[in-house]
Each structure stands twice: as C-alpha cells, then as structure tokens.
Amino acid sequence: YPYQREGVRRFLGERRLLLADDMGLGKTAQAIAACHALWSTKQVARGLLVVPASLKPQWLREWRQFTDAPATLVEGSPSGRHALYRRRERGFLIVNYEQIVRDLDEVRRFDPELVVLDEAQRIKNWATKTATYVKRLEPRWRLVLTGTPMENRLGELASLLDWVDPRALAPKWRLDPLHATRADGRTEVIGARHLGTLRERLSGCFLRRTRREVLDQLPARTDTRVPVALTPEQADAH
C-alpha cells in the first residue's frame, strides 16, 4: 500500500528509522521489503533480525513469502549457534533477544550491516542487560519496529532513540522539564505535552501512522461467519 512504500522509502533514505505504525499496518512487511531492496541492490550482504523468540517461525514464514533473500533461524546449542555465525558470510540471520545477550561476541564477529529490531519495546528500559547488549551492535542500517514507542514514560522513547539517533532528543535532561505533565506540578508524571515540538524534533528518524490516517488505503474489511454446532452438553445448558 502507498503508506508502506513510504515507510520503506523513508528507511532507505535515512538509514536509521523508528517505525512505530499502529499494530496491524504491516511493519513486518515494510521491514522485509527494505531488506530485500538492500540485498538485491548489493548494498547489504549480512543482516540480523532480532525478534521475540515466539515470533521467529512467523518471521521466517513471512520472509519467504516476500523475498528470496537467504534467511536462517539461529537455534540450538551454544556451539551450534557460534558455528552458524562464523559459517554465514552472506544472508540474514533471525535471532531472539536472549541470544543477543548470550552470543554478543559471535554476533559482532558476524558483523551485520543491517539490524532490524522487532517489538523493540524490549529495549525501552536503558538499564536492562538486553538493552545494553543490543545497543552494542553498530550496523550502518538500523530499523526499529514497535507499535508502542512510549507506553508509560518519555524515557522509554529516549531509550529506543539512543540506538536509532542519539542526537534526536539530546540533551536528554531537558526531556522531562519540556515534555512531561505532572499530576501536582512537581512529582507524578501523568502524560506528555508539547507533542508537536516532540514530533518535529523526531521528524528525521521517526515514522508513525495510525489506522485512521491510512484507512482509505486499506481494503474493505471482510467478515467470515463460521457456524459451529453446539455439543449435546452445551445445548442442554442453553
């Protein structure tokens, strides 16, 4: 769809992007399309897709649906994983966040030129080991996917942008005074303010579309009704 092409274009132009579209708008498809474009034009030879462990098979299925670029799930024992990192000289590897913590040295030796982080709220807390290890990856191309770039605190957005573009919200000590709304004016943070200014500061590295904004580009909803007969026990209860 046009908004998805725009997302791919933005990433290819900026090289670093926080893609924060609403859930269901196809962030995965946009990421795979961008990877395919960079692979097919020989701008990237090695890529790393960091996703939650439960989503690795789903990512591989969608990957094979959209592109013929080689992709491999990283699984198995530490020795088997390490051998895979060393053996793979070209193509994409799909790993989970826990493997980054365990295998960071081998992952860095693999030297990915492109890294995609899916469900990137996993690094929203800068003090966690997962966030610290992930941010030690230094690829040229960085694509971060999340439908919830800020769930509770402005610091979560700042943590994501630490890796995408550390200058976007600098200096970070001004973030709370400028943009936090407090319950009594002094302590508890209950929201954010001056969002227009915040969006302007992030315009070069942040892209978010809501379903309402792109509704006219989406196909009409299809409803499928599947009647299911009651069991005798259910029928008796009703």
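Small disclaimer: the values here were computed from a predicted structure and weren't measured.
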Out of Leu19, Ile94, Leu143, which one pairs with Val116 under the side chain to side chain contact (heavy atoms under 4.5 Å, CB included) rule? Leu143
Which ILVMFWY residues can you reach from Leu230 by hopping between side chains whose heavy atoms are under 4.5 Å apart? none
Would you call Ile100 and Val95 a side-chain contact if the rule is heavy atoms closer than 4.5 Å? yes
Please report the shortest heavy-atom distance between Ala33 and Val8, naming the atom on each side. CB-CG2, 3.9 Å
Please determine, by modelled atom types, if Gln4 and Asp21 share a side-chain donor-acceptor pair under 3.5 angstrom. no
Which residues satisfy the side chain to side chain contact (heavy atoms under 4.5 Å, CB included) test with Ser79, sequence neighbours excluded? Ser77
Can you get from Val50 to Leu84 by hopping between Ile, Leu, Val, Met, Phe, Trp and Tyr side chains that sit under 4.5 Å apart? yes
Please name the pair of heavy atoms, one in Ala37 and one in Thr41, separated by the smallest distance, quoted to 0.1 Å. O-OG1, 2.7 Å
Could you state the interatomic distance from CD (Glu14) to CZ (Arg142), rounded to the nearest 0.5 Å? 14.5 Å
Rounded distance (nearest 0.5 Å) linking atom CG of Asn96 with atom CG of Asp118: 12.0 Å
Who pairs with Arg46 by side-chain hydrogen bond (donor to acceptor under 3.5 Å, both in side chains), at least two apart in sequence or on another chain? none
Mind checking what makes ring-ring contact (aromatic ring centres under 6.0 Å, His included) contact with Trp141, not counting sequence neighbours? Phe11
Is there a side-chain contact between Leu17 and Leu207 in this structure, where contact means two heavy atoms from C-beta onward sitting under 4.5 Å apart? yes
Considering only NZ, NE, NH1 and NH2 on the basic side and carboxylate oxygens on the acidic side, decide whether Lys129 and Glu98 come within less than 4.0 Å. no
Asp22/Arg208 salt bridge by N-O under 4.0 Å criterion: yes
Thr210 vs Glu213, side-chain hydrogen bond (donor to acceptor under 3.5 Å, both in side chains): CA-CA, chis, key distance, verdict: CA-CA 5 Å; Thr210 64; Glu213 290 175 294; 3.2 Å; yes
To the closest 0.5 Å, what do you measure between CG (Leu18) and CZ (Arg10)? 10.5 Å
Any sub-3.5 Å donor-acceptor pair from Gln99's side-chain atoms to Val74's backbone N or O? yes
Do Trp59 and Thr28 come within less than 4.5 Å of each other through their side chains, counting heavy atoms only? yes
Looking at Asp223 and Arg225, is there a salt bridge between them, counting it only when a charged N and a carboxylate O are closer than 4.0 Å? no
Any chance you could measure Leu49, atom CG, to Ile32, atom CD1, to the nearest 0.5 Å? 8.0 Å
Answer with yes or no whether the hydrophobic clustering places Leu160 together with Leu117; edges join I, L, V, M, F, W, Y residues whose side-chain heavy atoms lie under 4.5 Å apart. yes
Apart from Leu218 itself, which Ile, Leu, Val, Met, Phe, Trp or Tyr residues share its cluster (side-chain heavy atoms under 4.5 Å, direct or through members)? Tyr1, Tyr3, Leu25, Val214, Leu215
Residues which pass side chain to side chain contact (heavy atoms under 4.5 Å, CB included) with Glu119, listed by chain and number, not counting sequence neighbours: Pro52, Leu55, Gln121
d(Cys205 SG, Leu161 CG) to nearest 0.5 Å is 5.0 Å
Using a 3.5 Å cut-off and no angle test, enumerate the donor-acceptor pairs between side-chain atoms of residues 133-140 and protein atoms at least two apart in sequence or in another chain.
| unit_1 | atom_1 | unit_2 | atom_2 | d |
| --- | --- | --- | --- | --- |
| Lys135 | NZ | Ser159 | O | 2.9 |
| Lys135 | NZ | Ser159 | OG | 2.9 |

In this structure, CG of Leu93 is separated from CZ of Phe110 (nearest 0.5 Å) by 4.0 Å
Would Val115 and Leu38 show up in the same hydrophobic cluster when neighbours are defined by side-chain heavy atoms closer than 4.5 Å? no
Taking Glu113 for its side chain and Ala45 for its backbone only, find out whether a donor-acceptor pair lies under 3.5 Å. yes
Test: Asp165 and Arg16 ion pair at under 4.0 Å: no
If you apply the rule side chain to side chain contact (heavy atoms under 4.5 Å, CB included), what do you find for Trp163 with Val144, and how did you get there? CA-CA 9 Å; Trp163 191 71; Val144 174; 3.7 Å; yes
Using distance only, find each side-chain donor-acceptor pair of residues 63-70 under 3.5 Å and give its atom names and separation, not counting sequence neighbours.
| unit_1 | atom_1 | unit_2 | atom_2 | d |
| --- | --- | --- | --- | --- |
| Trp63 | NE1 | Ala69 | O | 2.8 |
| Thr67 | OG1 | His36 | ND1 | 2.7 |
| Thr67 | OG1 | Ala69 | N | 3.1 |

Does anything in residues 71-81 form a salt bridge (charged side-chain N to carboxylate O under 4.0 Å, His left out)? List the pairs, not counting sequence neighbours. Arg81-Asp103
Tell me whether Leu114 shares a hydrophobic cluster with Val164, the cluster being built from Ile, Leu, Val, Met, Phe, Trp, Tyr side chains joined at under 4.5 Å. no
Tyr85, Tyr97: one ILVMFWY side-chain cluster at the under-4.5 Å cut-off? yes
My understanding is that only residues two or more places apart in sequence, or in another chain, count here; which of them pass side-chain hydrogen bond (donor to acceptor under 3.5 Å, both in side chains) with Glu89? none
Does the pair Met23 and Arg211 meet the rule for a side chain to side chain contact (heavy atoms under 4.5 Å, CB included), with working shown? CA-CA 8 Å; Met23 184 177 67; Arg211 183 173 295 275; over 6 Å; no
side-chain hydrogen bond (donor to acceptor under 3.5 Å, both in side chains) involving Arg102 - partner list, sequence neighbours excluded: none
For Trp39, the side-chain hydrogen bond (donor to acceptor under 3.5 Å, both in side chains) test, sequence neighbours excluded, returns none
